[in-house]
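Report on one structure; see the data block that follows.
For the numbers below, each heavy atom of this structure counts, side chains included, while hydrogens, waters and symmetry mates do not.
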Amino acid sequence: MAAFKSDFMRIVHERGMVHQCSDAARLDELLSTGIRTAYIGFDCTADSLHIGSLLQIMMLRWWQKTGNKPVVLMGGGTTKIGDPSGRDESRQLLTDAVIAANMAGIRRVFDRYVTFGDGPTDALMANNAEWLDKLLYIPLLRDVGRHFSVNRMLTMDSVRLRLERDQPLTFLEFNYMILQSYDYVELKKRHDCILQMGGSDQWGNIVMGADLGRRMAGAELFALTTPLIATSSGAKMGKTAAGAVWLNAERVSPYDFWQYWRNVEDEDVGRFLRTFTELPLDEIARLEALEGQEINEAKKILATEITRLAHGDKAATEAEQTAKRTFEEGGKADSLPTVSIPQAQLAEGIAAFELFHQAGLAASRTEARKLIKGGGGRLNDQPIASDTAVIKHSDLGADGTLKLSAGRKRHVLVRAA
């Protein structure tokens, strides 16, 4: 590894956060001579980001912590088209109102990772609709489109993979990389951005943006991508059997978020500590060297540190204490996820498989039946003998709740409403 002069380049390389970088030595030199500005773009396709975007978020956090200015670019304009990267079908087109609501939700994610303001290193949130919505089509074709080779565009993964699978690619989507490239030119002009970062699948698009800046404005621009983060078993980060691991608490509770990280594979602990926390590298080396049951202590630290960044100190501490009471002490914990069902259902009695499904512990009734028949379903910490066993009002404890468990790691409190 090269000996970098700038704190940012040294830190992100030491922590394994870099996949590719254009002219790393020159970028390092510029970062050593003053405050620089970089950006990452995020389309507004949902009202939260999930952990598949967490590495990019951490890149912006480290950028700011090392004395530079991060720009969070919201794709208010490009979301109206949809990024074809990694997809076999077109995205659903969203209305302006939905895009605005999604943007507000994503802003809440970033409020916990970077500091916004008017200072020289304060973060800025920009919206590419500010310039894309004003573009006239003929001038765009003449001034920007002439710098793009269709031959080269067809070699980009976002296009090539879709065509190889015989999946349709609309002309609307084909324009996405042109507009993404134009964003880089605008952000250089407006905020003197010299670096665009993104996931490894964005390398081609980012390089095209840097090239467009050179052609249109003679600008010296850089590209840096992060590695694709997958688990040791090959699973893509951000998705579970229960759905995406979102970063906003309304989508996924801090407790469930903590549990996700507590349950990662042993082989991933060190890598995730380096990537998603700010713990010192020597402490991470100590933790990842733990073996046997001791590695579980490292996983708890991983879960708490990541939850602290995403949800704050209080939520992280509560999640950790809830897990301790639930798993180590075998009791209920008030901060477990809670669902309510009508009093009438419990009065009449409800089949165990149906309640597991309603409580969100199984994606379907069939899955709930399999879980219980396989011995993985528990009621108030006791095995459920049959998937058709009837759960009644009398199963509620003195606190008015009952505890359902799917295996040893997923628990829900059920309360009669």
Pair Q259, D256: side-chain N/O donor-acceptor within cut-off below 3.5 Å = no
Please confirm whether the backbone N or O of V18 pairs with a side-chain atom of T226, one donor and one acceptor, at under 3.5 Å?
-> no
Flag the pair D7 and K65 as a salt bridge only when some basic side-chain nitrogen lies within less than 4.0 angstrom of an acidic carboxylate oxygen.
-> no
Please determine if E288 and R271 form a salt bridge, counting it only when a charged side-chain N lies under 4.0 Å from a carboxylate O.
-> no
Over all heavy atoms of both residues, which pair between L31 and N68 is shortest? Give the atoms and the distance, please.
-> CD2-OD1, 4.0 Å
Ring-ring centroid check F276 W261, cutoff 6.0 Å = yes
Would you say D387's side chain and R369's backbone share a donor-acceptor pair under 3.5 angstrom?
-> no
Say whether N205 and Y184, considering side chains only, have a donor N or O and an acceptor N or O under 3.5 Å apart.
-> no
Do the charged groups of E348 and K392 touch, with an N to O distance under 4.0 Å?
-> no
Is any NZ, NE, NH1 or NH2 atom of the basic residue among E367 and K370 found under 4.0 Å from an Asp or Glu carboxylate oxygen of the other?
-> no
Only one of H50, H311, R112 passes side-chain hydrogen bond (donor to acceptor under 3.5 Å, both in side chains) with N248; say which it is.
-> R112
R107 with D111: basic N within carboxylate O range, under 4.0 Å = yes
Counting only N and O atoms by type, is there a donor-acceptor contact under 3.5 Å from the side chain of D28 to the main-chain atoms of F4?
-> no
Would you say the side chain of H411 lies within less than 4.5 Å of the side chain of Y255, judging by non-hydrogen atoms?
-> yes
Aromatic centroids of F110 and F116 separated by under 6.0 Å = no
Does the side chain of E186 come within less than 4.5 Å of N128's, by heavy atoms?
-> no
Less than 4.5 Å apart, any side-chain heavy atom of K403 and any of V414?
-> no
Is there a side-chain contact between L287 and I301, using heavy atoms and a 4.5 Å cut-off?
-> yes
Salt bridge or not for K299 and D266, using N-O below 4.0 Å?
-> yes
Within a strict 4.5 Å, meaning less than it, do heavy atoms of the H191 and L124 side chains meet?
-> yes
Can a donor-acceptor pair be found between the side chains of R36 and T33 at a distance below 3.5 Å?
-> yes
L154 and R160, any side-chain heavy atoms less than 4.5 Å apart | no
Is it true that a side-chain atom of Y39 and a backbone atom of M125 form a donor plus acceptor pair closer than 3.5 Å?
-> no
So, are E29 and K5 salt-bridged, with charged N and O less than 4.0 Å apart?
-> no
